[in-house]
Amino acid sequence: MKLVLASGSASRKNLLTAAGVPFIADPADLDEDRLMTELKPAGAEVMARTLAEQKALAVSRRHPGQITLGGDSVIAFGGDYLSKCASMAQARTLLQQLSGQSHLLVSAAALARDGLLLWAHASPCRMVMRDLSAQFLEDYLAAEGEDLLSSVGCYRFEGRGAQLFDRVEGDYFSVLGLPLLPVLAQLRKEGVLAS
């Protein structure tokens, strides 16, 4: 049985591929902004888990009998939730605001089949960004380019983005966008992977 990944995230695809999980990708099409607004009072963990669940449920209806994996990551900072930046100027401003501060990143995953939720998990990570010099920030933005705009925090921790941080408290895979070890454990329980 092949897993259906309800995401277009390159990072999630790379994690599953590297772990040897066969899958097909069929990204969910949800109004995430509306859902995030509705879920804001519930907190980052509930928001991330609910978004992952909704993605898994929506896509599972398109693939009868298949297990569908939904995933999402949410960043809470300064009493609000970050969104993807639309321009490099916005990315610069965001990274200047995050510099020297900590933020909460929550990655969540959910499994569904035939429109029924089977499992969900949220993994919070405390991200402590170092003080970034103006020169480092300009070099970083130039080297990473507009690829940064596909990431909510404007960093890819698996690459040059690791240089932005002093400390991370939490699961490495969750920082990359998917709580991989709990997902793999649940996929074994569901019979998608050999135990």
Side-chain angles (χ1 to χ4, degrees), residues 1-36 38-76 81-82 84 104-127 150-153 155-159 161 168-195:
M1 172 188 316
K2 255 194 184 168
L3 178 70
V4 179
L5 175 62
S7 173
S9 162
S11 180
R12 291 185 189 104
K13 290 176 187 176
N14 290 340
L15 286 171
L16 291 173
T17 299
V21 179
F23 69 93
I24 60 168
D26 182 6
D29 184 23
L30 297 179
D31 184 351
E32 289 188 48
D33 291 336
R34 180 188 59 79
L35 282 170
M36 286 181 74
E38 291 173 5
L39 294 167
K40 191 173 181 178
E45 286 188 48
V46 171
M47 180 183 292
R49 191 176 61 246
T50 302
L51 287 167
E53 290 170 358
Q54 292 303 309
K55 289 177 181 180
L57 289 167
V59 173
S60 74
R61 293 180 184 100
R62 301 196 298 242
H63 298 273
Q66 299 295 100
I67 301 268
T68 301
L69 170 63
D72 209 298
S73 296
V74 170
I75 294 179
Y81 296 94
L82 302 184
K84 291 178 182 172
L104 177 68
L105 180 151
V106 180
S107 285
L111 295 175
R113 180 175 39 228
D114 299 323
L116 296 173
L117 184 66
L118 303 173
W119 171 87
H121 176 83
S123 177
C125 304
R126 176 68 52 193
M127 310 292 291
S150 66
S151 170
V152 173
Y155 56 82
R156 290 176 300 188
F157 194 74
E158 66 274 24
V168 171
E169 300 164 7
D171 173 59
Y172 173 74
F173 297 114
S174 294
V175 174
L176 300 185
L178 186 69
L180 184 63
L181 298 180
V183 167
L184 295 175
Q186 194 62 33
L187 289 175
R188 287 190 294 271
K189 286 182 184 173
E190 298 293 340
V192 175
L193 298 176
S195 59

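Only this structure's heavy atoms are used, side chains among them; waters, hydrogens and symmetry mates stay out. These numbers come from a predicted model, not from an experiment.
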* State, yes or no, whether a side-chain contact exists between Val4 and Ile67 at a heavy-atom distance under 4.5 Å. => no
* Check the pair Tyr172, Leu180 against side chain to side chain contact (heavy atoms under 4.5 Å, CB included), reporting the backbone distance first and the verdict last. => CA-CA 9 Å; Tyr172 173 74; Leu180 184 63; over 6 Å; no
* Partner of Asp26 under salt bridge (charged side-chain N to carboxylate O under 4.0 Å, His left out), chosen from Lys55, Arg62, Lys2 -> Arg62
* Asked: Are Lys189 and Trp119 close enough that some pair of their side-chain heavy atoms sits under 4.5 Å apart?
  -> no
* Evaluate the side-chain proximity of Arg113 to Glu190: yes if any heavy-atom separation is below 4.5 Å, no if none is. => yes
* Looking only at atom types and distance, does a side-chain atom of Asp114 sit under 3.5 Å from a main-chain N or O of Gly65, one as donor and one as acceptor? -> yes
* List the atom of Pro27, the atom of Val59, and the distance in Å for their closest heavy-atom pair. => C-CG2, 4.2 Å
* Asked: Do Arg49 and Glu45 sit within salt-bridge range, that is, some charged N less than 4.0 Å from a carboxylate O?
  -> no
* Asked: Do other residues, nucleotides or ligands put more than 12 heavy atoms under 6.0 Å from the CG atom of Asp29?
  -> no
* To do: Going by the side chain to side chain contact (heavy atoms under 4.5 Å, CB included) test, name the single residue among Val183, Leu187, Leu3 that passes it with Leu193.
  => Leu187
* Structure fact -> Value for OG1 (Thr50) from CE (Met36), rounded to nearest 0.5 Å, stands at 11.5 Å
* Starting at CZ of Phe23, measure out to CG of Leu69 and round the result to the nearest 0.5 Å. => 9.5 Å
* Side chains of Phe157 and Leu176 in contact at under 4.5 Å (non-hydrogen atoms) -> yes
* Structure fact -> dist His121:NE2 -> Leu178:CG (nearest 0.5 Å) comes out at 9.5 Å
* Evaluate the side-chain proximity of Ile75 to Tyr81: yes if any heavy-atom separation is below 4.5 Å, no if none is. => no
* To do: Using side chain to side chain contact (heavy atoms under 4.5 Å, CB included) as the criterion, point out the one residue from Leu105, Asp171, Val106 that pairs with Pro124.
  => Val106
* Asked: Would Ser107 and Ser73 satisfy side chain to side chain donor-acceptor pair (under 3.5 Å), going step by step from the backbone distance to the final call?
  -> CA-CA 4 Å; Ser107 285; Ser73 296; 2.7 Å; yes
* Does Arg188 reach the side chain of Val192, with side-chain heavy atoms less than 4.5 Å apart? -> no
* Structure fact -> Output for pair (Leu5 CG, Ile24 CD1), nearest 0.5 Å, gives 9.5 Å
* If you look at every heavy atom in Ala56 and Ala110, which pair is closest and at what distance? -> CB-O, 3.6 Å
* Asked: Does the side chain to side chain contact (heavy atoms under 4.5 Å, CB included) test come out yes or no for Val74 and Leu51, once each step is laid out?
  -> CA-CA 9 Å; Val74 170; Leu51 287 167; 4.1 Å; yes
* Given side chains that start at C-beta, do those of Val175 and Glu158 come closer than 4.5 Å, heavy atoms only? -> no
* To do: May I ask you to decide if Gly115's main-chain N or O and Ser60's side chain share a donor-acceptor pair within less than 3.5 Å?
  => yes
* To do: Determine yes or no for a side-chain-to-main-chain donor-acceptor pair under 3.5 angstrom, with Arg12 supplying the side chain and Gly177 the backbone.
  => yes
* Asked: With no hydrogens and no angle check, do the side chains of Ser123 and Ser174 hold a donor and an acceptor under 3.5 Å apart?
  -> yes
